[in-house]
Amino acid sequence: MRKKFELKTNDQIRKMRVAGLLTQKALANVRAAIKPGVTTLELDQIAEKTIRDGGGVPNFQLVPGYHHTICASVNSAVVHGIPSNRVLQAGDLVSVDCGALVDGWNGDSAFSIVVPGDDSDLAKQRQVQSDVCEGSLWAGIAALAKAKRLNEVGIAIEKYILDRGPYGILEQYVGHGIGRVMHEDPAVFNYRVRDAGPKVEPGLCVALEPMITAGDQKTFIQDDDWTVETSDGSDGAHWEHSVAVHDKGIWVLTAEDGGVAGLAPFGITPVPLD
Ligand code: MG
Ligand code: MG
């Protein structure tokens, strides 16, 4: 039987927008600091300071057993990498995931980036992989804007990715509902599944987060009990936004412009509630 989940009111969505914007600010500050020589722990500190200065709480620290503000996953790590003294090198493919809790509501968002300063073919391939992953996120959000049932999103994400190359799409990790808790129902698949999924209706708030590899989709968890690493050692990329469906349209809560630029290529205009 399908679990129930809470549809949000417009006022609740406006509160989630505050959390979404603070999440985005933390990620923007992290992005600005990414260069050769920086450690992922330094990036974590930048994100934590941004969130606390903005009146929020780093919600990843509320996950039992996790003590950091971001996940930083480098090269063959796809998601859930723990910040450490690892020094980033030019050409590394880094995925940064972060969330803020503000006034009881959550944001959750992630981006991938190739550390500047390397113009090798490998660095270029990594950039293309990140671009495909990001594009698939927007394709999924654009599909959500028109979808009747939630699992139309995964069909759009999968098609976008596989039209662009033989990438692996992680199946053990998927997107999720978001609200008062960071991870709630419903699951948001990044690939086609048999079930049509729940109805897409006003108040549905979900985090879409495609995770792709340059090889096979199989992964394992490192000895640190967190880091999700590709089994074949291929590179991983991850992009994520928290999105609200409301009675007038959709709103990308963790994008500063509400999703205007990302959705434009798909002919979708997001509708802010503020
Ligand atoms: Mg996330
Ligand atoms: Mg998430």
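Counting starts at 1 for both ligands and their atoms, following the listed order. Keep in mind that this is a model prediction, so the values were computed, not measured. Throughout, residue positions are numbered sequentially from 1 according to the sequence presented.
At a threshold of 2.8 Å, the Mg ion (ligand 1) has a backbone or side-chain N, O or S atom of Glu240 nearer than that distance.
No hydrogens or angles considered: nothing links the side chains of His68 and Glu48 as a donor-acceptor pair under 3.5 Å. Checked by atom type, the side-chain pair Glu240/Ser109 shows no donor-acceptor distance below 3.5 Å.
Note that Arg164 lies outside the cation-pi zone of Tyr167, set by a 6.0 Å cut-off to the ring centre and a 45° limit from the axis.
If you run side-chain contact (heavy atoms from CB on, under 4.5 Å) between Met182 and each of Leu62, Asn106, Leu101, only Asn106 comes through.
Among heteroatoms of the N, O or S kind in Glu209, OE2 lies nearest the Mg ion (ligand 2). The name of the N, O or S atom in His176 nearest to the Mg ion (ligand 2) is NE2. Nearest N, O or S atom of Asp97 to the Mg ion (ligand 1): atom OD1. Restricting Asp108 to its N, O or S atoms, the one at the least distance from the Mg ion (ligand 1) is OD1.
A centroid separation of 6.0 Å or more is found between the aromatic rings of Phe266 and Trp138.
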